[in-house]
Protein chains: 2
Amino acid sequence: MESQTPVGRKITLNDIAAGCGVSRATVSLVLRGSPLVNKLTRARVEEELRRQGYVYNRAAANLRRRTSSSVALVVNELANPFFAEFAAGVDEALGEAGFVTLLGNTGESVGREQAVLQSLIEHGPGGIILSPAEGSEAHAVLATVGAHTPVVLFNRELGGTLPEYAHWDRLMLDNQRGARLATEHLIARGHRRIAFFGSHDDSSSCRERHAGYLQAMQAAGLPVEPHWRVECALTRVDAARAAHALFEGGAAPTAAVCYNDVAALGLMLGLNQRGVRPGHDFAITGFDDIAEAAMSTPSLSTLSTAPRLRGRQAAELLLARLRDPQAQAGTVIAPVELVVRESSCPLS
Amino acid sequence: MESQTPVGRKITLNDIAAGCGVSRATVSLVLRGSPLVNKLTRARVEEELRRQGYVYNRAAANLRRRTSSSVALVVNELANPFFAEFAAGVDEALGEAGFVTLLGNTGESVGREQAVLQSLIEHGPGGIILSPAEGSEAHAVLATVGAHTPVVLFNRELGGTLPEYAHWDRLMLDNQRGARLATEHLIARGHRRIAFFGSHDDSSSCRERHAGYLQAMQAAGLPVEPHWRVECALTRVDAARAAHALFEGGAAPTAAVCYNDVAALGLMLGLNQRGVRPGHDFAITGFDDIAEAAMSTPSLSTLSTAPRLRGRQAAELLLARLRDPQAQAGTVIAPVELVVRESSCPLS
DNA sequence: CAAGTGATTTGAATCGTTCTAATAACATCC
DNA sequence: GGATGTTATTAGAACGATTCAAATCACTTG
């Protein structure tokens, strides 16, 4: 029967060393599989490790080695499936590399973002993957994370500008192109009065998508009415509420390019409440391709972003940076792909 | 202009102490707001802290104090909105208490669960909140986390039994009662041939829900056909695929109690593909009340579990345990509430 | 003025690792 | 036999904080 210790102090290298008559240093070498140690000693030590139920104290090791084995992941809305998938991807890739994920959720609040970053940075993560809250400012973030910890920005830019010495990497989606593709698609289906729905212009990704939309509209020589730009918070409930604004004012749109899938699904709900049938009387596109997009009725035409893959990619970027801290900072623009489903019906 | 340090070593207590001519001990006292230190010294030290841009090294402090300021959160499927919400709730409550969340996602794999727990435990979390993967065994989990780290089990039981010395708390949903309520509701709406759809019997929560269903059926004197129990993985896609099995064999059911919302939404999709209209020709109930439940067409009748609140609650349980490690281990059964929407139509 | 008091400050040990430089034991070579 | 390697092992100082006992200082006070 293995001797287990139901209660008592934690086992340390000293206990093991004492337990089999070698020095602490030797045990440490065994732990890290050094070739310097004799086969027999190694076996004896390993047996003792098992017997006493030793567990490695990585925090102590990190302190001594001045390294880190964690990465902080700070997202603006974990409850959004896009970010949940993203987080799963990040955690997966970090885990494979032997890192652990420190989670922080800001709920789209700049204040909480500050608090969360502050708390996480004190735990000494090797780096930070940050999807900023709307309205988050570069100088504020830099002030709390400091210049020592590498940052990968995901999804959104920060407000203001970073000093040159902070070389932060970026992983962004091809927002402008995506929104342009969606708009062109709706135009090709015969729509001429097309709205842009959701989010706020505070967010860089929103501005980019809006720009793509405008680009396509202008290229097609189509006019754009002011009341075709409706802002809302990124929840289904708020999007449903905001839907009605599309029909107040002049000529009502027959289609909408939505900031993302959550906004699009909320818009569908709002339209249904008005008796307008999405995918029938009104065409809609989303952005993200979250799992629900394929499953909703009507299914949602959208831009696929492969959030889990993006998560892995963000993790890879950070790991690369940790390997080479001096490398030139880079921006990766992840491609997006138009997925046509039922919601982007032709003009009836 | 504040002097910032774009590059260089990390600032420690020693730097601060040297920088304003006091001892390391004094600076430490200032940091923790001790009343022992003189007002003037405190001011001088605080100024220096700001000037040098000091950041606290919580790992070092934890090592010395033999405490922990982190909690590991291990979930079986982060991409499931139910768990994403749960995670957000956990992180929120832990953050308020000054703890940081170490994330681990197992993707419903017992192997990954082991690996994830192993890696997390080495970072010395104060405790673990675990929603086990299907088929996870008590003795295996205990062996890797050890008896020193308190655990709160959420949502599912582990297989096998725990030794008495491991007093782990539990936060479970009132699965049996919930499923019974759902079934009784469908019976009250006139259904007599009711299926139980989704998940696998490996999972304790699934067995409990199934038991609740059987209980209601028996109480109403209704027969249960074997092919009315259809298992599937907890993704919409697999649920949609599995839907067809309901109609193979004898008398087809007119309603289904689903293991959870994801299964229910997938079932809807599968029914639509067969030309059966959920909420019209076929009644459905879910479990969890994820955000999409209210938004789907038809909207989904389900059992509300308030996942974010459960997350907070799990965190509270763990924090209470950290405050009093010797307290009797407890099991909390969180109430669930039937939310009637469109999907549970009367028998047509 | 010696001793007592309260308010501040500090030296040194410690947490559980890693790592450098030193030591020890033993074989090899001229 | 002494110089030279080779191979295994280890003592002890870090890492960046906390903490306790002890020291220092400025005042009272009998």
Side-chain angles (χ1 to χ4, degrees), chain A residues 8-46 48-49 52-70 98 121-126 146 148-149, chain B residues 8-46 48-49 52-70 98 121-126 146 148-149:
Chain A
R9 229 179 57 283
K10 270 186 186 156
I11 307 299
T12 76
L13 281 196
N14 272 322
D15 300 309
I16 304 301
C20 58
V22 299
S23 80
R24 192 162 71 237
T26 306
V27 182
S28 175
L29 291 175
V30 169
L31 276 182
R32 282 166 304 143
S34 157
L36 275 64
V37 37
N38 183 294
K39 266 194 156 60
L40 265 66
T41 336
R42 169 183 306 276
R44 239 179 37 217
V45 170
E46 275 169 349
E48 187 71 12
L49 286 167
Q52 298 204 32
Y54 172 79
V55 351
Y56 188 65
N57 185 335
R58 207 168 284 275
N62 281 331
L63 175 58
R64 175 62 232 251
R65 305 184 51 200
R66 307 172 122 189
T67 57
S68 172
S69 56
S70 62
I121 202 78
E122 293 184 351
H123 287 85
H148 296 315
T149 310
Chain B
R9 229 179 54 282
K10 268 183 187 161
I11 307 298
T12 77
L13 280 196
N14 272 322
D15 300 310
I16 304 301
C20 58
V22 298
S23 78
R24 193 162 69 240
T26 306
V27 182
S28 175
L29 291 175
V30 170
L31 276 181
R32 280 164 306 136
S34 157
L36 274 66
V37 36
N38 183 295
K39 267 196 156 58
L40 265 66
T41 339
R42 167 181 308 276
R44 234 175 45 214
V45 170
E46 275 169 348
E48 187 71 12
L49 286 167
Q52 298 204 32
Y54 172 79
V55 352
Y56 189 64
N57 185 334
R58 207 168 285 276
N62 282 331
L63 175 59
R64 173 64 231 258
R65 305 185 49 201
R66 307 172 124 197
T67 57
S68 172
S69 56
S70 62
I121 203 78
E122 294 184 350
H123 287 85
H148 296 316
T149 310

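The closest side-chain donor-acceptor pair between Ser28(B) and Arg24(B), if any, does not fall under 3.5 angstrom.
Phosphate proximity of dT9(D) to Ser23(A): absent, as no side-chain N or O sits under 4.0 Å from OP1 or OP2.
In this structure, Thr149(A) and Pro125(A) approach most closely via the heavy-atom pair CG2-O, 3.8 Å. When all heavy atoms of Ile121(A) and Val55(B) are compared, the closest pair comes out as O-CG2, 4.3 Å.
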Under a 4.0 Å heavy-atom criterion, the protein footprint on nucleotides 12-25 of chain D, written with B, S and -, is BBBBBBBB------
Pairs under 3.5 Å (N/O, protein and nucleotides 26-28 of chain D):
none

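Of the candidates Ser68(B), Ser69(B), Ser70(B), Asn62(B) forms a side chain to side chain donor-acceptor pair (under 3.5 Å) with just one, namely Ser69(B).
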| query | Glu48(B) and Arg44(B): side chain to side chain contact (heavy atoms under 4.5 Å, CB included), yes or no, with the steps? | reply | CA-CA 6 Å; Glu48(B) 187 71 12; Arg44(B) 234 175 45 214; over 6 Å; no
Side chain to side chain contact (heavy atoms under 4.5 Å, CB included) between Val27(A) and Tyr54(A), intermediate numbers included: CA-CA 11 Å; Val27(A) 182; Tyr54(A) 172 79; over 6 Å; no
Practice problem: Please report the C-alpha distance between Asn57(A) and Leu63(B) in whole Å, then the side-chain angles of each, then the deciding distance to 0.1 Å, and finally whether the side chain to side chain contact (heavy atoms under 4.5 Å, CB included) criterion is met. | Solution: CA-CA 9 Å; Asn57(A) 185 335; Leu63(B) 175 59; 4.3 Å; yes
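Sequence neighbours left out, the pairs with a member in residues 11-23 of chain A that pass salt bridge (Lys or Arg N to Asp or Glu O under 4.0 Å) are Arg9(A)-Asp15(A).
Note that CD1 of Ile16(B) and CD of Glu46(B) are 11.5 Å apart. Values are rounded to the nearest 0.5 Å. The OG atom of Ser23(B) sits 10.0 Å away from atom CG of Asn14(B), with the distance rounded to the nearest 0.5 Å.
Proximity of Leu13(B) to Leu31(B): side-chain heavy atoms (C-beta onward) are separated by under 4.5 Å at one or more points.
Taking 4.0 Å as the cutoff to heavy atoms of chain B, we find the contact window on DNA chain C bounded by dT8(C) to dG16(C).
The side chain to side chain donor-acceptor pair (under 3.5 Å) test applied to Ser34(A) returns no partner, not counting sequence neighbours.
For the helix from dC1(C)-dG30(D) to dC30(C)-dG1(D), the terminal axes (five pairs an end, C1' atoms, rotation from four pairs onto the next four) enclose an angle of 80°, given to 10 degrees.
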